[in-house]
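Here is the structure we will look at.
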Amino acid sequence: MSTPRRAGNDPPWVRRILIALSLIFLSLFLFLPLIAVFIEALRDGVSAYFMAITAPDTLSAIRLTLLSTCIAVPLNVVFGVAAAWAITRFDFRGKSLLITLIDLPVAVSPVIAGMIYVLLFGAQGVFGPLLAAHDIKIIFAVPGIALATTFVTFPFVARELIPFMQAQGSEEEEAALVLGASGWQMFTRVTLPNIKWGLLYGTVLCTARAMGEFGAVSVVSGHIRGETNTVPLHVEVLYNEYHFAAAFSVASILVALSLVTLTLKKLIEWRGLVARKTAADLEGEPGGTPIAELAGGEQETSLRPVERGSTVPI
Amino acid sequence: MKAIPAPRRAPLLSRLLLKRRGVLPGFGLSMGITVVYLSLIVLIPLATIFLKTSTIGWSRFWEIVLSPRSIAAYELSFGASFAAALINAVFGVLLAWVLSRYRFPGRGLVDALVDLPFALPTAVAGIALTGIYASKGWLGRWLVQIGIDAAFSRLGVVIALVFVGLPFVVRTVQPVLEDIDLDQEEAAATLGATRFQTFRRVTLPALWPAVITGFTLAFARALGEYGSVVFISGNMPMKTEITPLLIMTKLEQYDYAGATAIAVVMLTISFALLLVVNRLQAWSGRRVSR
């Protein structure tokens, strides 16, 4: 969240030129593509638009996307909370290595993310013969899509929660224990309410990426229409078959989703900031909680607290 | 006299790893979930790539990795990613400056939309950019008249990569600009420096770590990018084929050995970049906080 500090420093003509340059740059790369999606989508008229987004193949793509999201996101939320708890509340050997390993999936190209599962579970893969013997399909089927989605969204919740929980410290949890709470009571009544904004933020980012993933899912899906096509893959199929208006119509659903994501993100940043400011005021501590240093070294800045916005490459 | 009972020993995992025992519970459980899940989803699958490579044999491996088509793909991936990250570095600083220092109508909206490339599925970005920059598109038709093919060319690859890397520099530089003490700039101005001198000599040095971090993040992201590029690049081998696409092509031809060998090269570079980013962020974090 940003507020301009002083606008009076630069002469007006400098300001105008710089603002104009930024807006031109953003128009070329952001605004025009965004508008183009909706205009191309409506090229054949409103009824064609609704035909495209309610076609059976589109609906089955939406169902599959929701299904794989519903598998990947809860898994990564549980993992994120567990990892953040272990990393921010205990001091152990190999902590910075663990943090780097959690970041790994972000650095891996989506195509490679899909490929590793083909190497494991594909027909010629490590477990290929075993799976074929028991007639289990993972690659070119739903489990593979869910796995690939889980891989690419793996670090999102953990990466948001770690700096968030680090900043909060563990005093309140320790107090709850001393006052006789059980571990579970402490977690549900102290930890969860404290981390809810960070958790929600990570979950939103994780969900957005899970629904939009293309490269990794493309490798494992096999592009079977109506069966293993997620929404982004369906966009590709329609586009490559020269059904441009239909492709852009389906794409417009994804654009709308990403705009919802951005709105939620801003809202949570704002709410989280307000909540934490009030807490800081109550404690008479202007400026909020200082970010404690992560034990184990220099990792603390690779993960940003919520109010600064995220640098996570979705 | 009763014997004093032996103190209950901590579980094995805690004894092995913990440096100091606190009062909080759940170390074994949370650490267990973390390590098991990390191994199952990330580490073991990634290890199969290296396992598979070892079955190819050295000479075959080098033959695949150094083939002219692979080299052309690396050159394009590196060149285009570098160019895109450079463009993003320049305009990222400009955007961060404008967003943090000036007030203008629509500033909040622009600030929110900068994150769009993080949230927009890459396939959508790909078809949208192609629609605009193709020879019949809104911008493409003008560019064609002055002899520039913006889509289905190397320039198209750069355009897509500028889009996916756009938020990185803005989001690393913006908080630094907002935290900077304006006293220094004012002191420079009082001492007779022009506005541009102040920017170059006072502000820019403070921004460098963040700019370089953002540049590296954008570069790393661009190297692995697939979805937005395939639509706009035209995918001609030796000309507009990026490395992830080469892997994809080999996978579709069931050439798993070939795909794996090239993936190993890319993974090694990505891991190196991840380490560089970690060091850089530590460095820029220190510069910002002190």
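In what follows, chains carry the letters A, B, and so on, assigned in the order in which the sequence lines appear, proteins first and then strands, with residues in each chain numbered from 1.
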inquiry  = Under a 4.5 Å cutoff for heavy-atom pairs, which residue among L104(A), L98(A), V118(A), N240(A) has the most contacts with chain B?
reply    = L104(A)
query = Can V110(B) and L23(A) be said to form a side-chain contact (heavy atoms from CB on, under 4.5 Å), step by step?
reply = CA-CA 9 Å; V110(B) 171; L23(A) 291 181; 4.0 Å; yes
Mutual orientation of the aromatic rings belonging to F27(B) and F92(A) [parallel < 30°, tilted 30-60°, perpendicular > 60°] = tilted
Heavy-atom check, side chain of L205(A) versus side chain of F118(B), under 4.5 Å = no
message = Parallel, tilted or perpendicular: which one describes the rings of Y37(B) and F154(A), with boundaries at 30° and 60°?
response = parallel
request  = Under 4.5 Å heavy-atom distance to chain A, tell me which part of P167(B) shows up: side chain, backbone, both or neither.
outcome  = neither
ask   = Can you tell me how far CH2 of W97(B) sits from CG of L18(A), rounded to the nearest 0.5 angstrom?
value = 8.5 Å
message = With rounding to the nearest 0.5 angstrom, report the OG to CG distance, S258(A) to D115(B).
response = 11.0 Å
remark   = Under 4.5 Å to a heavy atom of chain A? For I132(B) that would be side chain
key: Which atoms of T260(B) approach chain A - backbone, side chain, both or neither, heavy atom under 4.5 Å   = both
ask   = Can you say whether L120(B) sits under 4.5 Å from chain A via the side chain, the backbone, both, or neither, judging by heavy atoms?
value = both
key: From CG (N278(B)) to CG (D103(A)), nearest 0.5 Å   = 6.0 Å
query = Can you check ring pair (Phe, Tyr, Trp, His ring centres under 6.0 Å) on F91(B) and F29(A), steps first, answer last?
reply = CA-CA 11 Å; F91(B) 283 94; F29(A) 289 99; 8.1 Å; no
query = Has F127(A) got more than 12 heavy atoms of other residues, nucleotides or ligands less than 6.0 Å from its CZ?
reply = no
query = Side chain, backbone, both or neither: which part of L29(B) has a non-hydrogen atom closer than 4.5 Å to chain A?
reply = neither
ask   = Of the backbone (N, CA, C, O) and the side chain (C-beta and beyond), which part of L113(B) lies under 4.5 Å from a heavy atom of chain A, both, or neither?
value = both
inquiry  = Taking side chain as everything from C-beta outward and backbone as N, CA, C, O, which of these in M186(A) sits under 4.5 Å from a heavy atom of chain B? Side chain, backbone, both or neither.
reply    = side chain
request  = Sort out for me which of Y133(B), F231(B), Y254(B) touches chain A most, counting heavy-atom pairs under 4.5 Å.
outcome  = F231(B)
task = Among the options V36(B), V162(B), I247(B), T198(B), pick out the one with the most heavy-atom pairs lying under 4.5 Å from chain A.
result = V162(B)
request  = Check each atom of I127(B) against the heavy atoms of chain A and say whether the ones under 4.5 Å are side chain, backbone, both or neither.
outcome  = both
remark   = Between the CZ atom in F25(A) and the CG atom in L166(B), the distance rounded to the nearest 0.5 Å is 4.5 Å
request  = Rounded to the nearest 0.5 Å, what's the gap from CE on M115(A) to CG on L267(B)? Could you check?
outcome  = 7.5 Å
request  = Select one option (side chain, backbone, both, neither) describing which atoms of F31(A) are under 4.5 Å from chain B's heavy atoms.
outcome  = side chain
ask   = With side chains defined as the heavy atoms from C-beta onward, is the minimum distance between V124(B) and P232(A) less than 4.5 Å?
value = no
key: Interface moiety of S218(A) toward chain B, non-hydrogen atoms closer than 4.5 Å   = both
query = Between I24(A) and chain B, which part of the residue has a heavy atom less than 4.5 Å away: side chain, backbone, both or neither?
reply = neither
query = Between V114(B) and L30(A), which heavy-atom pair has the shortest distance, and what is it?
reply = CA-CD1, 4.2 Å
note = One option among F244(A), Y117(A), W85(A), F187(A) has the most heavy-atom pairs under 4.5 Å with chain B, and it is W85(A)
message = Counting only non-hydrogen atoms closer than 4.5 Å, does I41(B) touch chain A with its backbone (N, CA, C, O), its side chain (CB onward), both, or neither?
response = both
Y226(B) side chain reached by V219(A) side chain, heavy atoms, under 4.5 Å = no
remark   = Among V81(A), L233(A), L259(A), I116(A), the residue with the most heavy-atom pairs under 4.5 Å to chain B is I116(A)
Region of I159(B) that comes under 4.5 Å of a non-hydrogen atom in chain A = both
request  = Please flag which part of A259(B) lies under 4.5 Å from any non-hydrogen atom of chain A: side chain, backbone, both or neither.
outcome  = both
ask   = Which atom pair, heavy atoms only, marks the closest approach of A263(B) to I112(A)?
value = O-CD1, 3.8 Å
key: Residue pair P110(A) / G224(B): nearest heavy atoms and the distance that separates them   = CD-O, 3.3 Å
query = Can D111(B) and K266(A) be counted as an ion pair, charged N to O under 4.0 angstrom?
reply = yes
ask   = Mind checking whether L99(B) and S22(A) have side chains closer than 4.5 Å, heavy atoms only?
value = no
remark   = Counting heavy-atom pairs under 4.5 angstrom with chain A, the leader among L95(B), L129(B), I33(B), I44(B) is L95(B)
V106(A) side chain reached by L274(B) side chain, heavy atoms, under 4.5 Å = no
note = Turns out that what part of L26(A) lies under 4.5 Å from chain B's heavy atoms comes down to side chain
query = Between A107(A) and S270(B), what is the shortest heavy-atom contact and its length?
reply = O-CB, 3.2 Å
ask   = Is chain B contacted by the side chain of L75(A), its backbone, both, or neither, given a heavy-atom distance below 4.5 Å?
value = both
Spatial distance of atom CG (L101(A)) from atom OG1 (T34(B)) [nearest 0.5 Å] = 11.5 Å
key: Top of V14(A), V78(A), L28(A) for chain B proximity - count of heavy-atom pairs under 4.5 angstrom   = L28(A)
Leading residue by heavy atom contact count with chain B [cutoff under 4.5 Å; candidates V255(A), V235(A), T263(A), V37(A)] = V255(A)
message = Using side-chain heavy atoms (C-beta onward) and a distance below 4.5 Å, is L119(A) in contact with P45(B)?
response = no
